[in-house]
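Beneath this line is the structure, given in C-alpha cells, with notes to follow.
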Amino acid sequence: MESSAPGKVILCGEHSVVYGEPAIAVPVTALRCRARMEPAMPGSGLLLVAADLNQRTPLRAAAPDYPLAALARLVLEHLNCGEPDAVLTIHSELPIAAGLGSGAAVSVAAARALAGFLGHVLSEEVVSALAYEVEKLHHGTPSGIDNTVIAWERPVFFIKGQTPEVLAINVPLCLLIADSGFPAATREVVAGVRQRRESDPDFYNTRFARIGALVRRARIALEQQDLSALGQMLDANHALLVEIGVSTPRLEALVQTARLAGALGAKLTGSGMGGNIIALVPMEEAPAVAGALRAAGAAHVWQTVTT
Ligand code: PMV
C-alpha cells in the first residue's frame with residue numbers, strides 16, 4: 001500500500017493568513033513525499049521509518065509529540081482500529097523547514113497509506129483535519145493552509161476557519177522556487193511576528209490588511225489570466241513581508257535576481273527568515289531566470305507549472 005502527497009508554495013498571503021486574512025497556495029506536484037505500508041510479523045506492532053532521516057521508531061515507544069507517531073495515533077483513533085503489525089516507511093523529496101510544506105506532506109501521505117492498509121479511504125477533509133492536528137506540533141499556531149492545499153492537491157483560496165475554495169487556474173502558472181539554503185523554523189518566525197505585533201498592533205494590522213487586499217486582487221488577476229498583474233501583486237506582497245521583518249539579505253538577493261532576469265514578480269514564500277523564494281515567470285523565460293538564480297547562489301531551483 002503506497003500513497004503520496006505533494007509539496008506546496010504560498011503564492012501570496014503568508015503571515016496575514018494567521019490573523020484571518022486570505023491567502024492563495026498551490027501544490028507543487030513535482031516534489032513529493034511517499035509513504036509505504038508493508039505487513040510485519042504478528043505482534044510486532046507499527047514501526048515508523050523516516051528513511052531520509054535514518055529514524056526507526058516503534059509507535060509504542062514514540063513520544064506523544066513525535067509528529068509521525070501523533071499522526072498514526074490520530075488515524076487509528078479516527079478509524080477506531082488497533083495498531084497494525086506493519087512498517088510505515090516515509091521518503092520525501094521535500095526540503096525540511098523550507099516553507100514547502102514538508103511536514104504536512106508527510107502527514108497526508110502517511111495518513112492515506114495507513115488508512116489504505118487498514119482498508120479505508122480518507123476524504124480530503126478528514127486527511128486535512130488530521131494533518132492539521134499534527135501541524136500544531138510543528139508550527140504552534142498554524143493557519144491550516146499547508147494541510148489544506150496538500151490534502152486537496154489543488155490551488156486554494158484559504159481563509160482560516162472557513163471552507164477552502166478550490167481555485168480554477170485557467171492559464172498555466174509557471175513558478176520557479178529557489179532555495180536560499182538556510183532553513184527557517186516556522187514556529188519561531190510566526191512567534192516573532194506575533195510578539196512584534198503585540199508591541200505595535202496598528203503597524204502590523206495595517207500591513208496584514210494590505211496583504212489581504214493584495215491577495216483578493218491576485219485572485220482576480222488569476223481569474224482574468226493577467227499574469228503581469230499577478231506578478232505586481234507578488235512584488236507588492238514581498239515589500240509588505242519585508243516591512244513585517246521576515247526577509248533576509250539572502251532572500252532579497254534572490255528576489256532581486258529573479259526580477260532582473262525577467263520574472264513577472266518574485267517574493268519570499270512561507271514563513272521567511274530563510275527557506276525559499278518564488279518567481280512567477282513567462283514559460284519561455286524559465287531557463288534564463290533559473291540559471292540566474294543558480295548563479296546567484298540558490299541551493300536548488302525547482303520549476304512547477306500549475307494548470
Ligand atoms: O509555509 P510554511 O510552512 O513556512 O508556513 C508559513 C505560513 C505562515 O502563514 C507563516 C504560517 C501559517 O500557519 O499559515
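Numbering of ligands and ligand atoms starts at 1, following listing order. Throughout, residue positions are numbered sequentially from 1 according to the sequence presented.
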*With distance as the sole test, does R207 use its side chain to make a donor-acceptor pair with the main-chain N or O of S16 at under 3.5 Å?*
no

*Sub-4.0 Å heavy-atom approach of K160 to ligand 1*: no

_Minimum-distance protein heavy atom relative to atom 4 (O) of ligand 1_ = T186 OG1, 2.9 Å

_Whether E153 and R32 form a salt bridge (side-chain N of Lys/Arg under 4.0 Å from carboxylate O of Asp/Glu) is what I want to check._
yes

_Distance filter under 4.0 Å to I10 heavy atoms, resulting ligand 1 atoms_ = 7 (C)

*Provide, to 0.1 Å, the distance between atom 6 (C) of ligand 1 and the closest protein heavy atom, together with that atom's residue and name.*
S271 N, 3.5 Å

*asked:* Could you check whether atom OH of Y19 has more than 12 heavy atoms from other residues, nucleotides or ligands sitting under 6.0 Å from it?
replied: yes

*asked:* For E124, is there an ion pair with R154 - N to carboxylate O distance below 4.0 angstrom?
replied: no

*Option passing side chain to side chain donor-acceptor pair (under 3.5 Å) with H238 (candidates E252, E243, K267)*: E252

*Return the residue, atom name and 0.1 Å-rounded distance of the protein heavy atom closest to atom 1 (O) of ligand 1.*
K8 NZ, 2.6 Å

*asked:* At less than 4.0 angstrom from any non-hydrogen atom of S143, what atoms of ligand 1 do you find?
replied: 12 (C), 13 (O), 14 (O)

*Which residue and heavy atom of the protein sit nearest atom 9 (O) of ligand 1, plus the separation*: H15 N, 2.9 Å

_Set out, in order, the CA-CA distance, both residues' side-chain angles and the distance that settles side chain to side chain contact (heavy atoms under 4.5 Å, CB included) for R216 and E21, then state yes or no._
CA-CA 10 Å; R216 291 193 158 87; E21 297 291 343; 4.0 Å; yes

_Closest non-hydrogen atom pair, A131 against V108_ = CB-CG2, 4.1 Å

_Part of H139 with heavy atoms under 4.0 Å of ligand 1, whether side chain, backbone, both or neither_ = side chain

*For ligand 1, which atoms, with element, lie under 4.0 Å from some heavy atom of D146?*
1 (O), 2 (P), 3 (O)

*Mark up the atoms of ligand 1 that fall under 4.0 Å of a heavy atom belonging to E14, in ascending order.*
9 (O)

*Does an N or O anywhere in T141 fall below 3.5 Å from an N or O of ligand 1?*
no

_If the cut-off is 4.0 Å to any non-hydrogen atom of G99, which atoms of ligand 1 fall inside it?_
1 (O), 2 (P), 4 (O)

_Under a 4.0 angstrom heavy-atom cut-off, which atoms of ligand 1 come close to G270?_
1 (O), 4 (O), 6 (C)

*Give a yes or no on whether E77 atom CD has more than 12 heavy-atom contacts from other residues, nucleotides or ligands under 6.0 Å away.*
no

_I want to confirm something. Looking only at heavy atoms, which of V149, V18, V17 is nearest to atom 11 (C) of ligand 1?_
V18

*If you take all heavy atoms of L118 and P84, which pair is closest and at what distance?*
CD2-CB, 4.1 Å

